[in-house]
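Worksheet for the structure shown next.
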Amino acid sequence: MEEDGSNSNRRMSSRTRKVATKMVAALASSDNRTQAALARLDALENDNAGFEAADPNIDDDEASLDDDDQVYMQRKQSKGTKRKTRQAKALEARKAPRTFLELLHDANLESLPPHVPTYLKAAVGPPSSTARRHFCTVCGFSANYTCVRCGMRFCSNRCQNVHNDTRCLKFVA
Amino acid sequence: MSTTVVVLDNGGGLIKAGFGGERDPSVILPNCLYKPLTSKKWLHPNPLNTTTTTTTEQDLTSASVRRPIDRGYLINPDLQRDIWSHLFTSILHINPSQSSLLLTEPLFTLPSIQHSIDELVFEDFNFTSLYIADSPSLVHLYETSRRPDGLLSKAQCSLVVDSGFSFTHASPVFQNFTLNYAVKRIDLGGKALTNYLKELISFRSVNVMDETFIIDDVKENLCFVSVDVARHLNIARKTGNENVLKCTYVLPDGVNYTKGFVKYPEQATRYLVDGDGKENLGGGGGGDREIISQQQPQKPVDLTKNEFDLTNERFLVPEMIFRPADLGMNQAGLPECIIRAVNACHPHLHPVLYESIILTGGSTLFPHFAERLEKELRPLVPDDYHVKITTQEDPLLGVWRGGSLLASSPDFDAMCVTKAEYEELGSARCRKRFFH
């Protein structure tokens with residue numbers, strides 16, 4: 001419900017939210033490398049690249065409207081059939097479904113007593129051994145070298161060249 | 001009430017729906033809407049198991065996808081309503097106001113989501129009654145009914161490992177109840193694996209970031225779990241026909257074929273024979289040459305024919321379920337997840353749980369999944385205990401079949417919450433009946 005609180009500068013908040021869905025955890029951390037890694041993990045749960053922008057009839061028209069504009073918009077629409085206005089209202093009220101992380105935040109699971117099993121407590125937790133295998137980001141074989149600039153892995157000179165040319169500091173969207 | 005019971009396993013990837021008492025669901029439907037580049041509307045995907053009704057060929061190339069379920073939980077009830085009403089009216093041909101519904105719900109569903117599901121079922125669709133089941137107990141129910149003499153049914157307890165589309169759960173079940181305090185979850189499922197494969201292929205050969213459906217197909221056909229990663233990595237490094245892992249996948253071109261396919265189907269299973277490659281099918285270079293071809297395409301076929309080679313990606317992708325740390329996730333892998341789930345139970349249950357591990361869910365369909373799990377699990381389990389991993393005959397449908405059994409049991413009507421009760425008591429109090 002954070003968006004409702006900052007209703008006055010809603011245009012600003014809707015814009016920052018678009019960044020935040022991808023980089024929500026990343027923004028919390030200051031380190032560039034962890035930011036990129038977290039954003040990359042978050043991207044694994046994405047459905048399809050750029051699908052939000054590809055929805056012409058719902059999102060594009062109404063996403064960036066202020067409250068005043070919405071009233072104006074409704075008035076404009078009321079020239080059409082009455083049913084359409086209602087539909088538009090319903091769409092508006094329910095548009096942009098909240099992400100699971102937002103819902104999780106709202107549920108305030110931390111406040112429950114410690115013996116209640118919750119979504120948060122069911123997570124398996126960190127591995128017992130922190131040793132991790134590193135695979136070359138270019139070819140996939142085990143990688144012995146780390147890029148000094150961005151921290152990604154590569155295994156050979158050849159892969160390093162590919163890395164420098166195409167990926168170094170180009171974070172996955 | 002002698003109404004029909006609709007059993008609905010509402011997964012993040014696939015909806016399995018049918019009628020209680022039947023052996024197989026009537027329909028398996030992707031739980032999404034898709035929009036091809038050529039269309040302006042969101043379309044309903046065709047069901048997977050019925051080939052007769054698919055009159056329109058669907059063009060899934062670069063299609064955008066909308067899913068009502070994110071990270072396993074229903075976040076978009078409106079979209080789900082669209083999909084369900086299409087399902088009920090056009091595919092199942094039922095009248096919800098004369099049927100009751102058995103619906104599966106993931107464990108630890110947030111109260112706000114439960115509330116929206118109740119609204120959807122009773123207010124939008126008017127079902128007469130509803131029963132919410134959790135998937136591990138249904139899998140347990142199905143497996144016990146299949147082997148009435150097995151250890152599973154005698155001990156009435158099992159450990160269900162459900163690796164689905166959105167996440168992977170290890171959940172101990174005792175007397176048909178999921179011990180929810182012991183459930184452990186890894187936030188990795190089929191969707192993340194597909195996206196990971198997409199990322200790898202896009203980096204290495206062709207940009208396929210928009211091709212969710214095609215890469216899903218690649219994953220299902222070509223990926224496998226390696227029992228010995230180091231050895232397979234060495235094989236993947238080889239060139240020529242010694243490299244038994246190399247496999248070519250042809251992308252659809254929209255003219256001759258609208259579906260992608262594996263170029264030489266024999267190649268896909270060559271890794272099973274283990275030895276040197278038998279016949280020279282693919283020719284060309286192995287893993288190392290492939291890298292060169294990205295910089296300056298030596299093999300022009302790669303670009304003109306729209307195909308790409310997979311070598312180590314084939315087993316490094318499912319590998320992530322076993323070692324999420326390799327991906328940079330701060331989560332333990334599946335073997336450790338199982339150990340932790342068991343350790344959270346009463347010590348008397350430990351030996352039985354290790355001996356009755358049931359694998360279910362679409363992501364366990366990777367070849368050698370069970371072998372690898374057993375190999376990694378054995379050293380972690382105390383020596384005195386046996387480890388026995390049971391695979392379901394159809395991991396996709398295990399949950400649904402359990403639900404179908406439950407729906408046909410005589411007590412089912414008594415366990416449901418009716419619409420009248422919902423209207424009287426509201427969502428939260430009705431939910432208490434399901435003991436989740």
Side-chain angles (χ1 to χ4, degrees), chain A residues 34 37-38 40-41 43-51 54-57 90-91 94-95 97-104 106-107 109 115-135 137-142 156 158-159 161-162 165-167 172-173, chain B residues 32 35 40 63-67 70-73 75-79 107-108 110-113 169 180-181 183-187 191-192 195-196 199-200 203-204 209-210 212 233 236-237 287-288 290-292 294-295 311-313 316 323-333 336-337 340:
Chain A
T34 32
L38 287 171
R40 184 165 165 249
L41 282 181
L44 286 184
E45 293 293 332
N46 280 356
D47 271 330
N48 214 347
F51 107 81
D55 196 356
N57 38 3
L91 277 175
R94 294 186 164 184
K95 71 158 190 267
R98 323 192 54 211
T99 64
F100 177 67
L101 294 179
E102 284 171 335
L103 289 171
L104 187 64
D106 285 350
L109 294 179
H115 60 85
V116 182
T118 60
Y119 176 82
L120 295 175
K121 283 178 200 119
V124 65
S128 58
S129 126
T130 50
R132 83 177 252 208
R133 293 170 298 177
H134 291 282
F135 296 108
T137 49
V138 179
C139 67
F141 294 101
S142 64
S156 62
R158 197 168 51 202
C159 289
N161 288 334
V162 176
D165 289 347
T166 60
R167 295 172 211 185
V172 188
Chain B
C32 62
K35 186 166 67 104
K40 283 194 169 177
S64 316
V65 201
R66 289 174 80 185
R67 297 183 196 279
D70 175 37
R71 289 167 173 78
Y73 296 94
I75 57 152
N76 193 342
D78 299 311
L79 190 54
L107 295 154
F108 309 114
L110 303 173
S112 57
I113 299 176
H169 275 112
N180 59 4
Y181 56 87
V183 171
K184 295 290 169 213
R185 181 193 71 242
I186 306 174
D187 292 320
K191 182 177 176 182
N195 280 339
Y196 182 53
E199 200 186 292
L200 290 181
F203 261 167
R204 292 172 194 175
M209 283 313 275
D210 293 336
T212 310
L233 272 178
R237 223 180 254 283
D288 288 10
E290 195 191 342
I291 304 153
I292 307 168
Q294 292 160 5
Q295 285 172 295
T311 49
N312 54 21
E313 297 88 355
L316 286 181
R323 301 280 285 273
D326 292 347
L327 204 59
M329 276 180 109
N330 192 24
Q331 289 203 311
E336 220 171 313
C337 179
R340 286 180 196 181

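In what follows, every chain begins at residue 1, and chains take the letters A, B, ... in the order their sequences are listed. Excluded from the calculations below are hydrogen atoms, water molecules and symmetry mates; all remaining heavy atoms, backbone and side chain alike, are included.
Both the backbone and the side chain of A:S128 come within less than 4.5 Å of a heavy atom of chain B. With a 4.5 Å cut-off on non-hydrogen atoms, A:L41 touches chain B through its side chain but not through its backbone. Looking at A:A107, the atoms closer than 4.5 Å to chain B (heavy atoms on both sides) all sit in the side chain, from C-beta outward. For B:L79, no part sits under 4.5 Å from any heavy atom of chain A, backbone or side chain. With a 4.5 angstrom heavy-atom cutoff, B:D70 touches chain A via backbone and side-chain atoms both. Heavy atoms of B:L233 lying under 4.5 Å from chain A belong to its backbone as well as its side chain. Interface residue A:L109: only side-chain heavy atoms are found under 4.5 Å from chain B. Within the 4.5 angstrom heavy-atom criterion, only side-chain atoms of B:L110, from C-beta onward, approach chain A.
Within the 3.5 Å criterion, the main-chain N or O of B:F108 finds no donor-acceptor partner in the side chain of B:N180. A donor-acceptor distance shorter than 3.5 angstrom exists from the side chain of B:R185 to the backbone of A:Y119, with no hydrogens or angles considered. Using modelled atom types, no side-chain atom of B:E313 and backbone atom of B:L200 make a donor-acceptor pair closer than 3.5 Å. When atom types are taken as modelled, the side chain of B:K191 and the backbone of A:E45 share a donor-acceptor pair closer than 3.5 angstrom.
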- request: With side-chain contact (heavy atoms from CB on, under 4.5 Å) as the test, would you mind laying out the steps for A:L103 and B:R71 before giving the verdict?
  value: CA-CA 12 Å; A:L103 289 171; B:R71 289 167 173 78; over 6 Å; no

task: Check the pair B:N76 / B:R66 against side-chain contact (heavy atoms from CB on, under 4.5 Å), numbers first and verdict last.
output: CA-CA 10 Å; B:N76 193 342; B:R66 289 174 80 185; 4.3 Å; yes

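The shortest side-chain heavy-atom distance between B:Y196 and B:L327 falls under the 4.5 Å cut-off.
The most heavy-atom pairs under 4.5 Å with chain B, out of A:R132, A:R133, A:K121, come from A:R133.
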